[in-house]
Number of protein chains: 4
Amino acid sequence: MRVKDDTKISTIFEATVELTSEVGLNKLTMSSIAEKAQLASGTLYIYFDSKEKLLNELYKHLLVRGTLSLLPSVQHLPLKKQFWVIWSNVLKFRVSNSSEVVFMHQFRYSSYVSEETNELDEQFLSYLKTMLNKGKEELIVKNIDNRLMISLLYGYANTFSRQLVKDKIELTDSLMEQSFRVCWDAIKS
Amino acid sequence: MRVKDDTKISTIFEATVELTSEVGLNKLTMSSIAEKAQLASGTLYIYFDSKEKLLNELYKHLLVRGTLSLLPSVQHLPLKKQFWVIWSNVLKFRVSNSSEVVFMHQFRYSSYVSEETNELDEQFLSYLKTMLNKGKEELIVKNIDNRLMISLLYGYANTFSRQLVKDKIELTDSLMEQSFRVCWDAIKS
Amino acid sequence: MRVKDDTKISTIFEATVELTSEVGLNKLTMSSIAEKAQLASGTLYIYFDSKEKLLNELYKHLLVRGTLSLLPSVQHLPLKKQFWVIWSNVLKFRVSNSSEVVFMHQFRYSSYVSEETNELDEQFLSYLKTMLNKGKEELIVKNIDNRLMISLLYGYANTFSRQLVKDKIELTDSLMEQSFRVCWDAIKS
Amino acid sequence: MRVKDDTKISTIFEATVELTSEVGLNKLTMSSIAEKAQLASGTLYIYFDSKEKLLNELYKHLLVRGTLSLLPSVQHLPLKKQFWVIWSNVLKFRVSNSSEVVFMHQFRYSSYVSEETNELDEQFLSYLKTMLNKGKEELIVKNIDNRLMISLLYGYANTFSRQLVKDKIELTDSLMEQSFRVCWDAIKS
DNA sequence: GATGAATGAGATTTCATTCAT
DNA sequence: GATGAATGAAATCTCATTCAT
């Protein structure tokens, strides 16, 4: 399995993402994915062992592309700057990849999620924790339970970007700054 | 004649909620609900026309019980106090009804949601908007786009309560206060 | 069973007949009959052992009322006159009881028909045969296989009356006479 | 790739026809059709969207095969000859395809019949009307309402062929001629 | 007798997966 | 590898019948 035709995998991923945002994760069938990707349904099984595998692979792919890939490039920056870069990039990614985000959200809370996927999810959180801890040391972040602040950042980004997409609001620089100020006010010391 | 039993609807609702938090909204079948509620599968259809109807009714029921029913009792309070009461109650409700919250979350982003249910959802948001506007007038709330602050409050409450449940953390008074301070800092002027 | 409340049986019969002509014999459910008759579904089972019994009883009832009850009163008449009286009465009955005829027709060729009902059906045919035989003796009826002529009379009456009802044509005296002439021409010697 | 097999539709049609004549249109289930046709039940839905579609397609198929396909070849013949050819062929078809006729009859008066099927049914009737009109012009057919004569021809053919099958009577040339004479006497001028 | 809620077998239909070509 | 017809388990839903009241 795999390394057969990377284009085909992309096609399948795109079809899955589009369909999910159109009809929802329930009602998403392998046949409909195949049809949208202009493939035979059997072909899906050449690239993925099962529906569950396909969805998990897709989720991981999106997670890496939209979030994890961001981290290496910001590690050298000062802390508040790091938050800002991550915040603005996550927001931008989410708004310009809204179908992907719909998929990720619906998938994240479905029972398709495998143990392995769950673990991957922790990586980003763990990075945030490290950042918050450093912030506490530098006395610029509130000295309170990390989980609390992470929930705020995570939930806010999620909900806000979803709303932008739902109401078709353009993500201006001003909106990005305003929204960042709000969450910085929340966690700053 | 056997009398149509009001507790039966509760039994069905409870079974549905429990099952969803156990196996997820996909994999939730009418037969499994019937079995868990110790009813014949046909009986479900006496009380609800279809699976979709059942789920929507349940969601509405939970929404009213967990959020909307709260609003009348706080309207006379000063604004920050209102926020506090709502915040603490929503958190308490969500933590002590974690299965219900799992259901609500999974249902909310499924394609089972009917138009009517969607509208009900707006009621709470609309109340929050009114509160924020009053806060702006009183100069105690930031004069920025409501949607931004609502996303923060909404997303935070969602994510934080989910995390508490997931990690089995007890919701102490101190945790409630800390979490409130964070979000108040975010929106206060 | 029975002799409990004859009004109730009539009500059930009427409801069944109306419903069948509205929605067809398939799609006819015991609950819908009960609803139309403004009874509880359980009540149907006080008067009839099963759906099959109900339908067979109704068919027999209609057969006697619409056809068999006619025969005694014509036996003394001359042959052609007998044919005419039967023809005109059958036609009149069928046109003014079109729902009943729809029921009879759909039921007749369904697999609900019991052995006993089948036998009752033969009674009318057997009377017709006797008439045709007498006609042959009197040399006014073609000397050919009875089954052939019976099919013609039977099928014609059936189809013609159905068409009158379907196209909402009034059954005038002239139409009755014309139609009789046609079938008399067919069988007359 | 397994190739979509044209004979499969025939197999399904045959199974449906046989089953209907065995157990009746009510009691006819998709599973039983599948079993008789030695297919998985899901396979039926590859060829037909629903039970209703299957039955309508089958009816149309039989109608064309048994009646409509006959018409082109007789158009050049003199009128009485046309009647004769149609009569004898319809009779022969119906007797040697008795199961098909049972299906057609039960289906025709069920509520499965779609609007489209209804229209197809009119084609044959409309051809008969044209023939009768020509017959009137040539002064060889009674100058009376067509519907009356059509009912006779149609109802007679139906009923007579059903009786032949039911009583297992062989359709001899003599029987065919006798039966034709009867109906010709009915409509001739 | 009358009611109608409850039952559960069974109907139609869907869909992840397999497999012959 | 690619195809899509075929599979059949399982889902949703229906309905004749029963039975507690």
Side-chain angles (χ1 to χ4, degrees), chain A residues 1 3-5 8 26-35 37-55 112, chain B residues 1-6 8 26-35 37-54, chain C residues 1 3-5 8 26-35 37-55 112, chain D residues 1-6 8 26-35 37-54:
Chain A
M1 195 197 80
V3 195
K4 282 157 198 172
D5 187 345
K8 212 151 268 176
N26 48 354
K27 297 199 188 160
L28 179 75
T29 69
M30 291 298 266
S31 314
S32 64
I33 295 173
E35 194 185 7
Q38 304 199 8
L39 293 170
S41 59
T43 310
L44 298 180
Y45 288 86
I46 296 167
Y47 293 91
F48 304 96
D49 286 349
S50 67
K51 186 182 182 183
E52 193 176 319
K53 280 270 172 61
L54 191 164
L55 298 181
Y112 289 117
Chain B
M1 185 195 68
R2 292 181 227 179
V3 126
K4 208 165 175 177
D5 191 350
D6 253 14
K8 206 148 276 169
N26 47 351
K27 296 197 189 158
L28 178 74
T29 69
M30 292 300 264
S31 325
S32 64
I33 295 174
E35 196 183 6
Q38 299 194 333
L39 294 170
S41 61
T43 309
L44 297 180
Y45 290 88
I46 295 171
Y47 294 90
F48 304 96
D49 286 348
S50 67
K51 185 182 181 183
E52 194 177 319
K53 280 270 174 60
L54 192 164
Chain C
M1 199 197 80
V3 195
K4 283 159 197 169
D5 186 344
K8 212 149 269 174
N26 50 352
K27 296 197 186 158
L28 180 74
T29 68
M30 290 299 265
S31 313
S32 63
I33 295 173
E35 195 184 6
Q38 304 199 9
L39 293 170
S41 59
T43 309
L44 299 180
Y45 288 86
I46 295 167
Y47 293 91
F48 303 96
D49 285 349
S50 67
K51 187 182 180 182
E52 193 177 317
K53 281 270 173 59
L54 192 165
L55 299 181
Y112 289 117
Chain D
M1 186 194 70
R2 291 183 227 178
V3 127
K4 208 164 175 176
D5 190 351
D6 254 14
K8 205 148 279 166
N26 48 351
K27 296 197 188 157
L28 178 74
T29 68
M30 292 299 264
S31 324
S32 65
I33 295 173
E35 197 183 5
Q38 300 195 331
L39 294 170
S41 60
T43 309
L44 298 180
Y45 290 86
I46 295 171
Y47 293 89
F48 304 97
D49 286 349
S50 66
K51 186 181 180 182
E52 194 177 317
K53 281 269 174 62
L54 191 164

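These numbers come from a predicted model, not from an experiment. Just so we're on the same page: letters track the sequence lines, and every chain starts at 1.
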Salt bridge (Lys or Arg N to Asp or Glu O under 4.0 Å) with B:K53: which residues, sequence neighbours excluded? B:D49

Within residues 26-35 of chain A or reaching into it, pairs that qualify as salt bridge (charged side-chain N to carboxylate O under 4.0 Å, His left out) - sequence neighbours excluded: none

According to ring pair (Phe, Tyr, Trp, His ring centres under 6.0 Å), who are the partners of A:Y112, at least two apart in sequence or on a separate chain? none

Which parts of residues 26-33 of chain B get close to DNA chain F, meaning a heavy atom less than 4.0 angstrom away? B:L28, B:T29, B:M30, B:S31

In residues 42-50 of chain B, which ones come under 4.0 Å of DNA chain F, going by heavy atoms? B:G42, B:Y45, B:S50

Can you name the closest pair of heavy atoms from A:S41 and A:A34 and give their distance? CA-CB, 3.5 Å

What is the separation between atom [atom1] on [X] and atom [atom2] on [N], rounded to the nearest whole Å?
X: D:E52; N: E:dA11; atom1: CD; atom2: C1'; answer: 15 Å
X: B:K8; N: E:dG4; atom1: NZ; atom2: C1'; answer: 12 Å
X: A:K51; N: F:dA9; atom1: NZ; atom2: P; answer: 19 Å
X: D:K53; N: E:dT13; atom1: NZ; atom2: P; answer: 10 Å

Using the side chain to side chain contact (heavy atoms under 4.5 Å, CB included) criterion, which residues pair with [X]? Sequence neighbours excluded.
X: C:S31; answer: C:T29
X: B:F48; answer: B:I9, B:I12, B:F13, B:L54, B:E57
X: B:T43; answer: B:K8, B:L39, B:A40, B:I46, B:Y47

Rounded to the nearest 0.5 Å, what's the gap from CD1 on C:I33 to CG on C:L44? Could you check? 6.5 Å

Select one nucleotide: of E:dT7, F:dA2, E:dT3, the one nearest the side-chain heavy atoms of B:A40. E:dT7

What does the 5'-to-3' dot-bracket notation of DNA chain E look like when only Watson-Crick and G-U wobble pairs under 3.5 Å count, and pairs to other strands show as |? .||||||||||||||||||||

